[in-house]
Protein chains: 2
Amino acid sequence: MSAKRSEIEQAATRAIKGDGFKSVSFRTLAEQVGVKSSSVHYHFRTKDDLAEAVIRSYTEAFEAALRSIDQDNETLLAKLDGFNDLFAEVAAADDICLCGMMAAEVSSLGDGAKQALRAYFRVSEQWLEKTLAAHATELKSDLSAAQLAAIFMSGLEGATLIDRVDGKDARIKAFRALSRSLAG
Amino acid sequence: MSAKRSEIEQAATRAIKGDGFKSVSFRTLAEQVGVKSSSVHYHFRTKDDLAEAVIRSYTEAFEAALRSIDQDNETLLAKLDGFNDLFAEVAAADDICLCGMMAAEVSSLGDGAKQALRAYFRVSEQWLEKTLAAHATELKSDLSAAQLAAIFMSGLEGATLIDRVDGKDARIKAFRALSRSLAG
DNA sequence: GTCTATATACAGATAGAC
DNA sequence: GTCTATCTGTATATAGAC
């Protein structure tokens with residue numbers, strides 16, 4: 001991948017996390033990376049091509065972060081805290097998860113981007129489910145690993161969404177408390 | 001409030017829940033209610049005026065639904081199920097909560113709309129917190145009512161968001177299961 | 001790979017007639 | 001209250017020169 005293409009992806013990612021995909025324009029991206037909009041079209045033929053590429057790169061980075069969490073932590077609680085941290089970092093920048101934002105805008109995405117978005121949520125929830133199932137003995141809940149995975153994933157996406165509205169972090173913190181309650 | 005103004009609000013509400021506020025245009029709304037776009041501007045001077053009005057009306061309807069839940073149900077579990085149902089209905093229409101959508105788009109809203117949005121989340125979470133606190137004895141959790149309120153509110157917003165991406169209802173259902181686990 | 005130039009469409013908003 | 005007409009800005013996308 002060319003350096004410029006990567007630069008455009010990065011600029012798009014930052015903009016989407018803050019303002020959403022619909023607010024991103026080829027012209028603005030072009031200015032941010034120092035070219036004209038037609039050059040952005042050279043790297044990404046359509047806006048949906050850009051959407052798909054950005055979602056796939058974000059998912060890859062997210063998967064790499066999950067592997068780091070696996071390597072650096074032993075207990076279930078530490079791993080859940082690591083997962084929570086990924087969303088807390090996004091929230092600290094006054095952003096929301098790129099794929100949470102794209103999920104809100106899914107009706108204006110093309111098929112390729114939609115498929116990539118589904119893959120992000122599948123990967124993330126499966127990591128949670130696998131992690132919860134592997135530490136079943138540390139878990140104080142009668143819910144299944146799959147149910148808890150859905151609860152944490154939905155919850156953290158929603159928490160960043162709502163915390164940003166009032167500029168607090170009460171909801172992200174509530175999910176840290178839930179981790180302690182279930183795996184403490 | 002004039003009938004036409006109310007018609008426009010309804011059309012806007014429907015469009016926002018599916019495609020987001022940024023996709024709503026005065027022209028499209030005008031066609032849907034059978035007038036020209038300048039007439040829509042007569043009822044709502046700016047797009048932000050429209051946003052604020054729609055959020056306030058949505059919040060009022062939501063509060064009315066919460067009062068119905070209070071009247072129709074006795075147990076904590078039944079009330080939590082009633083709250084869950086509000087989001088399940090939205091999800092069944094392939095929509096997301098209007099205020100969840102607006103939350104994703106908050107960076108492009110004006111001050112009036114932002115304030116109305118904060119009020120929606122405050123009202124909703126306070127109903128949950130009050131309800132949970134009033135039934136503390138039925139509650140099997142070491143978390144506070146405020147923490148659980150944040151978890152349900154964030155969780156259900158996120159659940160509708162993600163369930164729509166893959167067209168399933170696994171996440172909404174997981175929160176029903178959580179209600180049973182905590183208040184069954 | 002990047003540029004200029006342009007096609008085409010649509011956005012929010014307003015003036016002024018009726 | 002609604003209309004026609006218009007201003008101004010912006011969007012995605014492409015053709016063709018360099």
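All chains are named by letter (A, B, ...) in the order of the sequence lines, taking the proteins before the strands, and each is independently numbered beginning at 1. Please read all numbers here as calculations on a predicted model, not as lab measurements.
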Task: Partners meeting ring pair (Phe, Tyr, Trp, His ring centres under 6.0 Å) with B:Phe87 (sequence neighbours left out) - done: B:Phe83
- [ ] In whole angstrom, give the distance that lies between atom CG of B:Asp49 and atom P of C:dG12.
- [x] 13 Å
Task: Heavy-atom donor-acceptor pair, A:Arg164 side chain to A:Gly18 backbone, under 3.5 Å - done: yes
Open item on the list: With a 3.5 Å distance limit and no angle check, can you tell me whether A:Asp163 reaches the backbone of A:Arg171 through a side-chain donor-acceptor pair?
Closed with: yes
Open item on the list: Using modelled atom types and a 3.5 Å cut-off, is there a donor and acceptor pairing between side-chain atoms of B:Lys47 and backbone atoms of B:Val24?
Closed with: yes
Task: Between C:dC10 (P) and B:Asp19 (CG): distance, integer Å - done: 16 Å
Open item on the list: Any side-chain to backbone donor/acceptor pair from B:Ser181 onto B:Ala177? Under 3.5 Å, distance only.
Closed with: no
Open item on the list: One thing to verify: whether B:Arg27 and B:Glu31 come together as a salt bridge, which I'm taking to mean a side-chain N less than 4.0 angstrom from a carboxylate O.
Closed with: no
Open item on the list: What residues from residues 28-48 of chain A pass a heavy-atom cutoff of under 4.0 Å to DNA chain D?
Closed with: A:Ser38, A:His41, A:Arg45, A:Thr46, A:Lys47
TODO: Please determine if a side-chain N or O atom of A:Ser25 lies less than 4.0 Å away from the OP1 or OP2 oxygen of D:dT10.
DONE: no
Open item on the list: Could you tell me how far apart A:Phe26 (CZ) and C:dT2 (P) are, to the nearest whole angstrom?
Closed with: 14 Å
